[in-house]
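Numbering starts at 1 and runs along the sequence shown. Values reported hereafter were calculated over all heavy atoms of this structure, with side chains retained and with hydrogens, waters and symmetry mates removed.
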Amino acid sequence: MHFRDLEGLYQAEAAARMGVSRTTLARILTRARRTVTAALIGGERLLLDTDAATADPEPDHAIQSP
């Protein structure tokens, strides 16, 4: 979400900087936005791991390191 939402890069450029395909980036962004929305609206816990090796967490509503 950083490259796309904070830096305003186009999806193709953000994907290239992350070393993933555009479709993978789209899936990552969808999952991340769904997770953040669930945490904000549903009061669910949101755990962030800024040192995670992958940007594709499991599809639950908490982001945790493996």
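- Leu46 and Ala39 get closest at one heavy-atom pair: CB-CB, 3.8 Å.
- Glu44 places none of its side-chain heavy atoms less than 4.5 Å from the side chain of Thr35.
- A side chain to side chain contact (heavy atoms under 4.5 Å, CB included) with Arg27 holds for exactly one of Thr24, Leu25, Thr30; it is Thr24.
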